[in-house]
Structure formats: C-alpha cells, structure tokens
**Student:** 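Pasting a structure below so you can have a look.
Residue numbers start from 1 in every chain, and the chains themselves are labelled A, B, ... in the order their sequence lines are given, proteins ahead of strands.
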Number of protein chains: 2
Amino acid sequence: MSITIKDIAELAGVSYSTVSKALNNSPLVKPNTKAKIIRIAKEQGYEPNFAARRLVQKQSHTIGLVWPTVERVALSTLVTKIKEEIEKHGYSMILSINSASTAIEMFKRFQIDAVIVFEETKQKMDASVFANLPIISYGTALNNEIPFVDVNYRQAMLLGVKYLVDLGHKRISFVGDFSPVDQRQIEKYEGFLEAFEKYNLPVTPHTIVNTGGLDWYDGYHATKRLVETDSTLPTAVIGSSYDISAGIIRALREKDLIIPKDISVIGYDNIPQMANLETPLTSIGPPIDVIAKEIVTTVFMLMDEKDSVPTIQTIHPELKERASCAIAKST
Amino acid sequence: MSITIKDIAELAGVSYSTVSKALNNSPLVKPNTKAKIIRIAKEQGYEPNFAARRLVQKQSHTIGLVWPTVERVALSTLVTKIKEEIEKHGYSMILSINSASTAIEMFKRFQIDAVIVFEETKQKMDASVFANLPIISYGTALNNEIPFVDVNYRQAMLLGVKYLVDLGHKRISFVGDFSPVDQRQIEKYEGFLEAFEKYNLPVTPHTIVNTGGLDWYDGYHATKRLVETDSTLPTAVIGSSYDISAGIIRALREKDLIIPKDISVIGYDNIPQMANLETPLTSIGPPIDVIAKEIVTTVFMLMDEKDSVPTIQTIHPELKERASCAIAKST
DNA sequence: TTGTAGGCGTTATCAC
DNA sequence: GTGATAACGCCTACAA
C-alpha cells in the first residue's frame, strides 16, 4: 500500500487537508508547516494518486494521438513536432497505435482531454465513440462530423510547376505513386495535371511516371526507367514525396546527370531532411512546423469552445528554395 | 455533467449498487432488472468514469512503452508486434515519445501497470522514478537495477560467419556502422571479429567496411567503394542491419554482381521485410516475434512476482535461410 | 492559519 | 436478489 496524504498528516501532526494545501503549494499555509510537510512527503516517497485527483478535477492535461501506422515513417517528424507544440501549452501527449475507435476507447479510460487522429483509412466510426470529446483528424477526413485539418496538395503542385515554368522549364515530369487508396497522393497527381493544363505544357511520354509505391526504392526504379529511354528527357522533375525524391536524385546521379545543371528537381514534403539529401532539394508543401502548429491550435480551440471550429481547415503550401533548380537551358 | 450510475438507479427505480452489479454483468442480479438497467444505461448514453473505477481497482490493464526516438524506424515493427503480444494478454498498450523519466512520470499518472523502455541513451534516472513499478528495458541497459532484455549480437555474427564458412567462404566482409554511441552496433562488430579469428579467416583490405551511418544510403556508398577497388573482392558480405543490407544489394547489383552466384550476402535483422528486397536475403538475429514475446512475457512475470525475474535476459539469434547465399566457388 | 466535512463515481462487503 | 454503506485518495468550501 502506498503512502497517502493521511499518513503524512499523521506524521506531521496536522490534518490532511493542510497536507493537501501544502502539497499544492497553497499560500494559505504557513511556510514552516509547508516546509515540514513537504520534507516528510519526500522522505516517505509520497506519490499522489492521480486517479483520485482526477476524480475531482476532471482534467488530465493530456492529449491523445491516434497513429495506427507507425510502420510508415512519413509522419514521425510531424508527431515529434506535435508533441513539442502540445508541451508548449503545458499539456502532455500520449500515443496509441491502435485503430481509431479502440484507441479512443482507451483514451477515454485515461480521461484524455482531446484526441488527434492520424488514421489512414476512412472508417465508419460510431458517433457515440467520440461523443462530446474534442477530436480532430489529419490527413484523411475521418467522418463528416469531425473537424479535419487538410493540406492543399493541389496548390502545392501548382506552386511547384509555376516555379519551374518561371525558370523556363517546359518538359516537366511528375514522379509519384497514385495508388487509389491514398487520397493525398491522388490530389497531388491531379494538382499536377491541373497546373500542367494551366500553363499549357507539352505532353511527352514522360509527363507522368508512376512509381507504384512510396519508398525511395520505387522512386529510384521509376526514374531509372525514365532516364534510360531514348526519347528526350524532361528538364525538370517533381517528386511526390520525400522518399521518392531521394530515389529520384540517386537515379539521376547514377546517369551522371548533374542537378540542377542538367535537370532540375523539386520534391514534395517540406521537411528539414530535404536539405540533407545528396543534393539539397527545393521542396513544396506546408512546412512541418506549420502543420503541427495548426493541428495543435485547432485542438485547443476545440477544447475551449467546440462550436467556433470550422469543419475543414486547409493549410496552404509553401515553396522552399534550396539547390536543386536552375534556369532551363534554351533548347 | 455526464450521467452516472446514480442517475440510472433513479430512472430504473433501484439502488445504485444494483446498477453497478448489473453493468458489470454480475450473476447476482435478476435478468429482468439487469436487462432494464442496461437498456436505460444505453438510452442515457452512460459512460463509466474510469478514474473512479481505478481509484478502487488499482489496475489499468495497460502497459506503457517509452519510445523517444520515433524518427528512427528500426523499431517500429517491433513496437507493433509488442502491442499485439500485449493484447493477447488482454492488456492494452500506450506509447510515449518523451524521454524515459518524463514518460514514466506521465504513465504513473495514468496508473499504468508496467513500463517497457526503448530509450537509446543510457541516462541517469533517479531510482524514485520507477520505485515499485514493474519496468523493463530493451536495447540498452538503462540502469543496473532495471531488468533488461538483451540480444546476443556476438552470437548472431558467429552464426552468420559459421554459415558462410560451412559454405566454403573465406574472404568475408563485414559492412556496418560502428559509431561508438551505439553499443549494439559495436557488439555486432566485435562479434564478427571474434568469429573471424575463430575460423582463422584471412584478413584482406575489405574485411571491415565502415559505413559511417545506418541508412541504406550508407551501406550503398560503402559497398560501392568496396566493389570499385582493384583488389580481389570478398566472396561473401555480412550487412549489419536491414537498411544497410538493402544498400549493399543495390550496390552489388549495379556492379552486375549476381547474388548469390558471384557473391553471397547475409543481413542482420531477422524481419519479414528481408524477404522483399531485390534479392530475398538470408538473415541473422532473433526473429522479431521472438523478441516481442520475450519482452512481453518478462513484463508479465515482473508484474506477478518481481523477484523471479533475472536482471539480464538474453535472446539468442537464429539464421533464416533465403536466397542470397551459395557455395563458394573453388578459387 | 488550520481543521472539518462533503463529495467526486465506483466497487465491494455486508445485511436484509 | 437487492439495498445500504463504507471505502478508494484527493480537493475545496466553509467553519473554527
């Protein structure tokens, strides 16, 4: 049996309410007694029982994050950033890798104050699961009732294409995966096509390169195929994710194509790691910190007053210049 | 204010202790009343208050896992397996990406029943933090007082080298990272050297190849350098991790070396993904499921009776044959 | 400045 | 079968 404030009260010769006050650093207790009580508590290795405290206080000051797909790394940087952001608000973050409904069930047991969901698949979730629990989703809209932080992928592609066009590029390739499962990949693809039409770019056999996967590996192979054909190569390439872009760079280098002299490259995913690739990569997408901040801010808004939060919140992308793009050679 | 068993009691015209029993499906309450109570509870959207329950029950049936380095993927498969294993015991798993002491502090607030720690750095942790809390660490020994699940990396290397020697190989290279920070990498390296001496293998300029990092990337470059020298190539290579091995395969293929005809390869990390590489890789190390099971079993032992658990528990490696090794050509 | 007492929502132990 | 009632450990008026 662990030690409680009653035990301490006895040892200190005061009532346990005094102990409670002292331990909560209330100004209502004489410094002397306070010091004494605290000392005794330390000596006895007192550990507050949070279940009891929460029973009366109702708040855990903790936010739960549902992240069923740990094995896909892409979000790990974001998770870390979100944690930091949450801590700035004086809250803690806890993680579950279960599916959304199981995780939320568990979080409720812990009296979590709010939930952020990263679930990839659009799942039917009984509304009772998240009834009067501040909850938000990122990536895929979980449910039409749950506020959702979205990224404008289309606009990101537009930004990238425009940038390249302004540099004089015309033969631009999109290297990405468009498995129909992932809405985000599809939007990037569609965004590229839109931009393509908008700037009236010439269609070549290489305009769209399907990687068939999201690993560096997939980007590498796809690009390898691309550069090994006889037809005229693109002067610029847009990679649809960090990993894919890493593969692209590798494949281009192996073909002795100098970036950006021979070919320009832009990668999606605005994360610091882009700077550490073989060639520091100019990238598009909302900076990871911005996404984190947006998500966390929204969650706290939700906790304050549920109604003031829009159902969909869209984050706009930026373009970060690094060393992988150059003016197109006049051809 | 949410609804409690008292409210339900009133609506059902029974005492709240009866409601409690009914909701816990006690056989001590007449089916009729039970049904009625459950119906009312549903109607009212009753949600039990777990803080209150735990105040009396002391158990949360949840195990906390401390994993500060999400951004390093290597462990994610293991985390998932551990979660599954824990669920087999009817428990849940929850994750924190904070440092061990912060995470444990938080877990205690949630009345977690036990803790598993993946922390990479050996940190001084005040014993009071984990006083009478079942706790275990994996990877690096956290502290001499905390039970620790270890992997016998040396033996793994011995296994790999022996296997190759039995196939007739003599010129064997070790491609790995031995940054002094990571004890595990060092042990792999040392294990290789031991085996090397044991079998009296000839030292060549390529016996040891330092990758200087743990990414596929690092393995790729190191191997590239290796195969591009003029000196005689090894007939077999051991890669010290999954990612590094992926890089090795890539580099060998680019040099048009056929695996295993021209060169045999073994990779450390006995995970299913090894089968999906360009060449399915024969690998060494404890199967990931075995590690998970070992960790979880130990944790539950610890919860049952703290004293019966050895401080260090060592898991022994296995060798999984796939398609990357062949008999050495007689030279 | 300190102590008393009621309550938070459950479960568990008794009586009835 | 059902109902009081006492914990569980803590917080917070309010009383002293």
**Student:** Looking at D/dG3, I'd like to know if its phosphate oxygens (OP1 or OP2) sit under 4.0 Å from a side-chain N or O belonging to B/Ser15.
**Tutor:**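 Looking at the OP1 and OP2 atoms of D/dG3, one of them is under 4.0 Å from a side-chain N or O of B/Ser15.
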**Student:** Counting only heavy atoms not in B/Glu10, do more than 12 fall under 6.0 Å of its CD?
**Tutor:** no
**Student:** Of all residues at least two apart in sequence or in a different chain, which pass the side-chain contact (heavy atoms from CB on, under 4.5 Å) check with B/Gln313?
**Tutor:** B/Val149, B/Glu294, B/Thr298, B/Val309, B/Pro310
**Student:** Enumerate the side-chain hydrogen bond (donor to acceptor under 3.5 Å, both in side chains) contacts for residues 45-55 of chain B, please, sequence neighbours excluded, ordered by first and then second residue.
**Tutor:**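 Applying side-chain hydrogen bond (donor to acceptor under 3.5 Å, both in side chains) to every pair that reaches into residues 45-55 of chain B, excluding sequence neighbours, yields A/Lys108-B/Glu47.
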**Student:** Enter the inter-axis angle for the ends of the helix from C/dT1-D/dA16 to C/dC16-D/dG1 (five pairs per end, rounded to 10°).
**Tutor:** 40°
**Student:** In whole Å, what is the span from the CG atom of B/Asn25 to the P atom of D/dG1?
**Tutor:** 14 Å
**Student:** Under 3.5 Å, is there a donor-acceptor pair linking the side chains of A/Thr18 and A/Ser15?
**Tutor:** yes
**Student:** What is the distance, to the nearest angstrom, from the CD atom on B/Gln111 to the P atom on D/dC10?
**Tutor:**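 Value for this atom pair: 10 Å.
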**Student:** If the condition is ring pair (Phe, Tyr, Trp, His ring centres under 6.0 Å), which residues does A/Tyr138 pass it with, not counting sequence neighbours?
**Tutor:**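 In terms of ring pair (Phe, Tyr, Trp, His ring centres under 6.0 Å), with neighbours along the sequence ignored, A/Tyr138 is linked to A/Phe118.
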**Student:** Going by heavy atoms in the side chains, are A/Ile291 and A/Ile295 under 4.5 Å from each other?
**Tutor:** yes
**Student:** Can you give one letter per nucleotide of nucleotides 10-16 of chain C, 5' to 3': B if a protein heavy atom sits under 4.0 Å from the base, S if only from the sugar-phosphate, - if neither?
**Tutor:** BBB----
**Student:** Any side-chain heavy atom of B/Pro317 sitting closer than 4.5 Å to one from B/Asn152?
**Tutor:**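 Yes - at least one pair of side-chain heavy atoms lies under 4.5 Å apart.
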**Student:** In whole Å, what is the span from the CG atom of A/Asp7 to the P atom of D/dG9?
**Tutor:**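 To the nearest whole Å, that distance equals 9 Å.
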**Student:** I need the NZ-P distance between B/Lys58 and D/dA7, as an integer number of Å.
**Tutor:** 14 Å
**Student:** Separation of A/Leu55 atom CG from D/dC8 atom P, in whole Å?
**Tutor:** 14 Å
**Student:** With sequence neighbours left out, write down each residue that passes ring pair (Phe, Tyr, Trp, His ring centres under 6.0 Å) with A/His89, or none if nothing qualifies.
**Tutor:** A/Phe300
